[in-house]
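Below is one structure, written out as C-alpha cells; comments come after it.
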Amino acid sequence: METNLALLLLLAPLAGFLINIFAGKKLSGNLSGTLGSLAVAVSFAVTLFFFLQVNNTGEPVMVNLYTWMKMVNFDINFGFQLDQLSLLWLMFVTGIGTLIHIYSISYMHDDENIHKFFAYLNLFVLFMMILVMGSNLLIMFIGWEGVGLCSYLLIGFWYKKQEYNDAAKKAFIMNRIGDLGFLIGIFIIGYLFHSVEYNDIRNIIASGEADIDMAWLGIAALCLFIGACGKSAQIPLYTWLPDAMAGPTPVSALIHAATMVTAGIFMITRLNFVFDLTPDIQHIIAIVGAITSLMAATIGLAQNDIKKVLAYSTVSQLGLMFMALGFGAYEVAVFHVITHAFFKACLFLGSGSVIHAMHGEQDMRNMGGLKKVMGITFATFMISTLAISGLPPFSGFFSKDEILMTAFHHDKVLWIIGSLASIMTAFYMFRLVFLTFYKDFRGTEEQKHHLHESPGLITFPLIVLAILALVGGAISLPGSSWLNHYLAPVIANPAQHHALGTTEYMLMGIAVVGALIGIGLAYTKYISKAQVPPQDSEITGFTKVVYNKFYVDEIYMAVIVKPIYAIGSFFKNVTEAAISGFVFGLGRAATLIGAQGRYIQNGSVGFYLLIFVLGMCSVIAYIFLK
Amino acid sequence: MENILQEIGIDNYIYLSALLFCVGAFGVLYRRNAIVMFMSIEIMLNAVNLLLVAFSTYHQDAAGQVFVFFSMAVAAAEVAVGLAILVAVYRNISNIDIDNLKKLKG
Amino acid sequence: MDVSFILITLLFGAAATYFVGDKWASRAALIFSTAAFAATLYVIYRYNLGEGVSYAHKWISNPRVILGFQADGMSLSMVLLTTALTPIIVLTSFGNLFPKSRAFYALILFMAFAMAGTFLAVDGMVYYIFWELSLIPIYFIALRWGSGDAETRKKDVVKFFIYTFAGSLFMLVAFIYLYTKAGDFLDIHLYNIQLSKTEELLIFLCFFLAYAIKIPVIPFHTWQANVYQKAPAAGTMLLSGIMLKMALYSIVRWQLPIAPNAANEYKYFFIALCVAGVIYGSVLALKQTNLKKLLAYSSLAHVGLIAAGAYTLTLDGLRGAFLQMIAHGFVVVGLFYAAEIISRRYGTEEISEMGGIRIQAAKFASMFMILVMASVALPTTFNFIGEFELLYSLAQANIWLAVLGGTTIILGAFYMLRMFQQVMLGDKGGKVFADVTFGEGFTFIIIIAILIFFGLYPKPIIDFLTPALQKVLLNINPIN
C-alpha cells in the first residue's frame with residue numbers, strides 16, 4: 001500500500017511528463033497545462049497523506065524497490081525514505097509546484113511549445129521529488145542531476161535566442177562542477193562507511209564503534225559542500241543563477257527560487273550527522289554563506305532588471321541559510337527555506353505578473369506607478385517584500401531573526417555581515433517596489449495603454465502565496481517551535497535554543513530597526529527625491545563595478561574558460577601535429593630507406609649472382625672459421 | 001672400384017671437383033652470354049655430382065649415387081625450362097646477353 | 001546449440017548477403033544480423049540454465065592450436081553487444097544508396113563475425129587470427145565507401161591499417177614467446193606460466209602496444225579522428241561501437257591475467273596515462289569544428305576512462321569498464337547516427353554551418369538531446385552506472401585520479417552542450433531540415449530504450465558479468 005502510494009507520488013508527474021511530451025502537440029495549451037497541474041496536485045495530495053501519517057506516527061516510511069547498483073563494498077538500493085525532512089520538502093515542492101503550474105497555464109498561454117513547458121516542469125517536479133525522497137546519496141544524485149537537466153531545458157526554453165542557450169549551458173556546467181564534488185564526496189563516504197544509505201551512515205556514527213578516519217571525513221564533507229555550492233549558488237559557483245533568469249518567470253519562481261536551489265541545504269541537513277563531526281568544514285560553510293550573502297546583496301543594490309534583483313536576493317538569502325547550516329542550526333535553515341520559498345515564489349510570480357503586463361519589459365527604469373492598475377499584484381508583492389525584509393509579523397521576520405540570533409551566539413563578525421546583508425535586502429527590495437509600483441509610469445505610451453491586472457489564474461497563486469508569506473512564520477515561533485519538534489527525529493544534534501531573554505529581544509529590535517533603516521533609505525531616495533537609476537552608460541565609479549557584478553563573470557572567463565580554450569588550441573595545433581608527425585615520420589623513414597635501398601636492386605643478373613656467391617662464401621667461411 | 005680410390009686417393013677427387021666448381025662459378029660470374037652461363041652451371045652441378053659419387057664409394061654407401069641420379073634428372077629438367085626461357089628471351093630482344101635483362105630493377 | 005552457431009550465422013549471413021545481390025543485400029543483412037542476435041540471446045539463456053555452450057575442436061596439431069570458443073559472462077556480454085549493435089548499424093545504413101551495397105553489407109556481417117570470434121576465442125592463436133581478420137573488412141569499408149577526397153581518405157585509412165596492424169604484430173610476438181613456454185595457446189595455460197620480471201614486463205608492453213593503438217590510448221590515437229570522420233557512418237559505428245571494445249576486452253581477458261605482476265607494479269603509470277587521455281580528448285573535443293571529429297575525441301576521452309578503470313585491477317574497475325563499454329557502444333552509435341543524419345541532410349559536417357535544427361525537427365532534437373545526456377552520463381542512463389563504478393574504482397586507487405578523471409563530467413558537459421547549442425539550437429533559418437523518418441526514429445528509440453532501461457535496472461547485466469570478472473581477478477591478484 002505504502003509502496004504503491006509512494007510510487008503514485010512519483011508516477012503522477014512522470015505520467016504528466018510523458019503525456020505532454022508525446023501527445024502534447026495534439027492537446028490544446030489549456031488542456032496540457034491542466035494535465036500538468038493535475039499531475040502535481042495528485043502528488044501534493046499523496047504527500048499530504050504521508051505527511052499527516054508521519055506526523056502522527058513519527059515513523060518514517062521506507063520503500064525499497066530493488067538493488068540498483070552493486071559495488072564491492074556495498075550495494076546501492078533504489079529506495080525511498082519518506083521521513084519528516086523529505087516530507088517537509090515534498091510538501092512545499094508539490095504545493096508551490098501546483099500553484100506555479102496553475103500560474104503557468106495563463107502565463108505561458110501564447111507559447112507555441114506550451115506542452116513542452118509543462119512536460120519539463122513535470123519532469124522537474126519528478127526529479128525534485130526523487131532528490132528529496134531518496135534513501136541514499138545515489139538516489140539523491142539522480143534527482144540532483146535530473147533537476148539540473150530540467151533547469152537546463154527550462155532556462156533555454158526559448159531556444160531560438162542563443163543568449164538564453166548560453167545561460168542554460170552555463171547553469172548546467174557550473175552545476176556539474178559542483179556535481180563532481182558531490183560525486184567525490186559520495187565516493188569517500190562509500191569508502192569510509194561501506195554504505196551510502198543515510199540510515200546506515202547515521203547508525204554507524206551514532207554507534208561510535210567504527211573507526212572513522214576524520215581527515216577523510218572532512219574532505220568528504222568539503223566535497224559535498226562544493227556540490228551544495230553548485231546547486232545552491234554559493235561562492236564561487238553562484239554566477240549561473242542570475243543568468244538563469246533568462247528562463248520563463250514561472251521557472252525562475254519554481255526552480256531558481258523555491259525548490260531546486262534549496263537542494264544544497266536539503267543535502268547538508270540530510271547529512272547533518274556527518275557535518276556535525278567536521279566543525280572545520282562547518283566553519284567554512286558559515287563563512288562562505290555569510291560572504292555570499294553580503295556580496296549578492298551588494299550586487300543586488302545596483303541591478304535594474306527586476307528579475308536580476310530577485311535573483312541576487314535569492315543568492316543572498318541562500319547565503320544566510322548556509323550560514324545557519326554552518327552553525328549547526330539545521331532547523332533554522334530549514335525554517336528559512338520554507339518561508340523563503342513562500343515569499344520568493346510570490347515575488348517572482350508577482351514580477352512575472354508585472355512583466356506580463358509590460359509585455360516582456362523587465363527594466364525597472366521603464367516601469368513605475370503600477371500600483372494603480374495592478375492592485376492584487378501590488379498587494380501580494382508588498383506583503384512578500386515586507387516578509388523578505390524581515391518585518392514582524394511576516395514570516396521572514398521569524399526565520400531571518402533566528403538565523404541572526406544563532407549567528408550572534410556563535411560568531412559576532414558573521415552576525416554583523418548577516419545583519420548588513422539584511423539591511424541591504426530591505427533597501428533593494430523596497431527600491432524595487434518603489435521603482436515598479438510607485439510614482440508615475442515611465443514606459444512608452446503603447447505599454448501604458450496595455451497595462452492591465454493579470455487574470456485570475458495568475459493572481460490566485462499570488463494570493464495563496466502571499467497569505468503563506470504572511471502567516472508562514474507560525475510554524476516556528478520563538479519559544480514554542482512546532483518545526484523544531486517535528487524535525488527532531490532527523491537531526492542528530494539539535495541546536496541549542498536560547499530562551500527568550502533580554503539579549504534576544506534586543507537582537508530582534510536591532511534587526512527590525514535595521515530593516516526600517518533600509519526601507520527609510522529607499523524611501524528617501526526613490527520616493528522623496530524621486531530618483532530613477534541612471535542609464536547604463538552613465539554609471540560610474542564603484543557603482544559601475546557593482547552594477548557589473550564585480551566583473552566575476554569576466555574574471556572566470558579570463559582565468560578559466562579562455563585558458564582551457566588556449567590549451568585546446570595548443571593540443572590541437574602543436575601536440576596533435578607533433579604526435580601525428582612522429583607517426584608519419586616512422587612511415588617516411590621506411591620510405592626513405594627503401595628509396596635508397598632500391599639502388600642495390602639494379603637488375604643486373606651478374607651483380608645478383610656475384611652477391612649471391614660472395615654471400616655463400618662468407619657463410620661457408622663463417623662456419624669453418626668459427 | 002676400391003683400387004681406383006686407393007690408387008688415386010679421395011683428396012684428388014676433392015681437388016678436381018673443387019676446381020671444376022670454381023671454373024663453373026667463375027664462368028657464371030664472368031660471362032654475359034646466358035648459354036655459356038648455363039653451361040657453367042652444369043659444370044658446377046657435375047662437380048658436385050663427382051664429389052657425391054666419390055664419397056659414395058668412399059663410404060660404401062649407395063645413397064650418394066642415388067642422389068646423383070636425382071640431381072641429373074633435376075638438371076635435365078632445369079636445362080629444359082631454362083633453354084625454353086632463353087628462347088623466349090631471344091625472340092623478344094634478339095640476343096641473350098644478360099646485361100640486357102634489367103627490367104626487374106627496383 | 002553452442003556459441004559457434006552465432007559465428008556460423010554471421011559468416012553464412014555474410015556470404016548469403018553477398019550472393020542475394022545489391023537490391024536485397026540490406027534486408028538480408030538485417031535478417032541475418034537479427035538472427036545472430038536471437039541466437040546470442042538463446043545461447044545466453046542456455047548458459048544461464050547452466051548448460052555447456054562452449055565449443056572446442058582440435059584444429060592444428062603442430063603448433064598446437066585448438067579451435068575453441070568459450071562462453072562466460074564477459075565474452076557473452078561482449079558478443080551480445082556485437083550482435084545487438086550489428087542490426088542497428090545495418091538499420092542506420094538503410095537511408096544510404098551505396099554502390100555495390102551487397103559487398104558493403106556482407107563486409108559488415110563479416111566484421112561482426114570476426115569481432116564475435118575475437119571475443120569468444122579461448123586459444124591465443126585463434127584469438128589473434130580473428131583479431132586481425134576484423135581489420136580487413138573495416139579497411140575496405142572505410143576505403144571504398146568513405147566520404148571526402150579519395151586521396152586523403154586513402155592516406156588516413158592506410159595509416160590506420162598499418163598502425164593497428166603493426167601494433168598487433170607485437171602481440172603476435174608475445175603469443176609466440178608464450179607458446180614456447182606453455183606448449184599451447186590456451187588461455188588458462190598462458191595465465192599460469194611463470195615468467196621472470198623482465199619477461200613479464202616485455203609481454204605486458206607488447207600487449208599494451210597492440211591494445212593502446214586499437215583503443216586508442218594517447219599518444220597512439222592519431223589515426224582515430226581522421227578515420228572516424230572519413231569512414232562511412234556504419235564503419236565509424238563498427239569501429240567505435242564494437243571494435244575498440246575488442247581491445248578493452250582483451251586487456252581484461254589476456255593482458256592482465258597473463259602478466260599480472262607487471263600490471264600490479266606499473267598500474268599507476270598506465271592509469272595515469274589513460275586518465276591523461278580523458279582530459280586530453282575532452283579539451284581537444286572543445287576545439288573541434290567538425291561534428292564527427294568532435295564525437296571522435298569525445299570517444300577518446302570516454303574509452304580512456306574505461307581503460308583506466310580496467311587497469312585499476314579491482315572488481316569495481318573491471319565491472320565499470322564492462323558496463324561502460326556496453327553503454328558507450330550504444331550511445332556512440334546513436335551519436336554518430338545523429339551526426340550522419342545531419343550530414344546527409346545538410347551535406348556538411350562543419351558545425352559552423354549548422355544551427356536552428358530544433359525549430360524544424362523537434363523529435364530529432366529530443367532524441368539527440370537524450371543521447372547527449374547519456375553521453376555526459378546523466379543518472380538514469382546506462383552510462384552513469386558505468387561511469388560511477390569507474391570513477392569509484394579510480395577514487396579507491398587514488399582520489400586525485402578520480403578528480404582528474406571526473407573532469408570528464410564537467411568538460412564532457414561543456415563540449416557536448418556547446419556542440420548541441422551550435423548544431424541544434426538558435427534560429428538560423430534558411431536550410432530545410434526534415435524531421436526523423438519512421439525508420440530513423442525507430443532506430444533511435446531502440447538505442448534510447450536500452451540506455452534508459454539498463455540505467456534504471458542494470459542488475460541483470462551486473463549479475464551476469466560479476467562471476468566471470470571475479471574469476472579473472474583471481475588470476476590477476478592471486479594473493480588477495
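In what follows, chains carry the letters A, B, and so on, assigned in the order in which the sequence lines appear, proteins first and then strands, with residues in each chain numbered from 1.
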Interface moiety of [X] toward chain A, non-hydrogen atoms closer than 4.5 Å:
X        : value
C/Ser366 : side chain
C/Phe388 : both
C/Ile409 : both
C/Ala365 : neither
C/Arg418 : both
C/Ala413 : both
C/Leu456 : both

Could you check which of [options] has the highest count of heavy-atom pairs closer than 4.5 Å to chain C?
options                                : value
A/Ile130, A/Asn73, A/Val583            : A/Val583
A/Lys25, A/Glu145, A/Met71             : A/Met71
A/Leu138, A/Leu153, A/Ile186           : A/Leu138
A/Trp158, A/Phe570, A/Phe172, A/Trp144 : A/Phe172
A/Asp179, A/Thr575, A/Ile21            : A/Thr575

- Task: Please work out whether the ring planes of C/Phe384 and A/Trp68 are parallel, tilted or perpendicular, with thresholds of 30° and 60°.
- Result: parallel

Given heavy-atom pairs under 4.5 angstrom as the criterion, report whether the side chain, backbone, both or neither of [X] touches chain C.
X        : answer
A/Lys170 : neither
A/Leu586 : neither
A/Tyr152 : side chain
A/Ile177 : both
A/Asn175 : neither
A/Ile76  : side chain
A/Ile188 : side chain
A/Phe584 : side chain
A/Tyr565 : both
A/Ile219 : neither
A/Val72  : both
A/Leu183 : side chain
A/Phe187 : both

Looking at every non-hydrogen atom in both residues, tell me the closest pair between [X] and [Y] and how far apart they are.
X        : Y        : answer
A/Arg176 : C/Ala377 : NH2-O, 3.6 Å
C/Leu411 : A/Ile564 : CD2-CD1, 4.4 Å
A/Lys116 : C/Ala362 : NZ-CB, 3.7 Å

- Is it true that C/Asp427 and A/Lys161 have a side-chain N and a carboxylate O under 4.0 angstrom from each other? no

Would you compute the distance between atom [atom1] of [X] and atom [atom2] of [Y] and round it to the nearest 0.5 angstrom?
X        : Y        : atom1 : atom2 : result
C/Leu391 : A/Ile184 : CG    : CD1   : 7.0 Å
C/Leu315 : A/Lys70  : CG    : NZ    : 10.5 Å
C/Lys287 : A/Ile567 : NZ    : CD1   : 11.5 Å
A/Ser580 : C/His221 : OG    : NE2   : 8.5 Å
A/Glu576 : C/Leu284 : CD    : CG    : 5.0 Å
A/Lys572 : C/Lys293 : NZ    : NZ    : 7.0 Å

Output the option from [options] having the highest count of non-hydrogen pairs under 4.5 Å with chain A.
options                                : result
C/Thr222, C/Asp463, C/Asp316           : C/Asp316
C/Gln396, C/Lys459, C/Gln288, C/Lys159 : C/Lys159
C/Lys155, C/Met369, C/Glu389           : C/Glu389
C/Leu286, C/Thr407, C/Ile399           : C/Ile399
C/Tyr457, C/Phe414, C/Tyr280           : C/Tyr280
C/Arg319, C/Met424, C/Gln422           : C/Arg319

- Query: Centres of the C/Tyr297 and A/Phe571 rings: under 6.0 Å?
  - Reply: no

- Task: Verify the neighbour count for atom CZ of C/Phe170: are there more than 12 heavy atoms of other residues, nucleotides or ligands below 6.0 Å?
- Result: no

- Other residues, nucleotides, ligands: >12 heavy atoms within 6.0 Å of C/Phe161 CZ: yes

- Query: Can you tell me if C/Gln421 and A/Asp166 form a side-chain donor-acceptor pair at under 3.5 Å?
  - Reply: yes

- Message: Can you see whether C/Phe420 has A/Lys169 sitting over its ring - NZ or CZ less than 6.0 Å from the centre and within 45° of the normal?
- Response: no

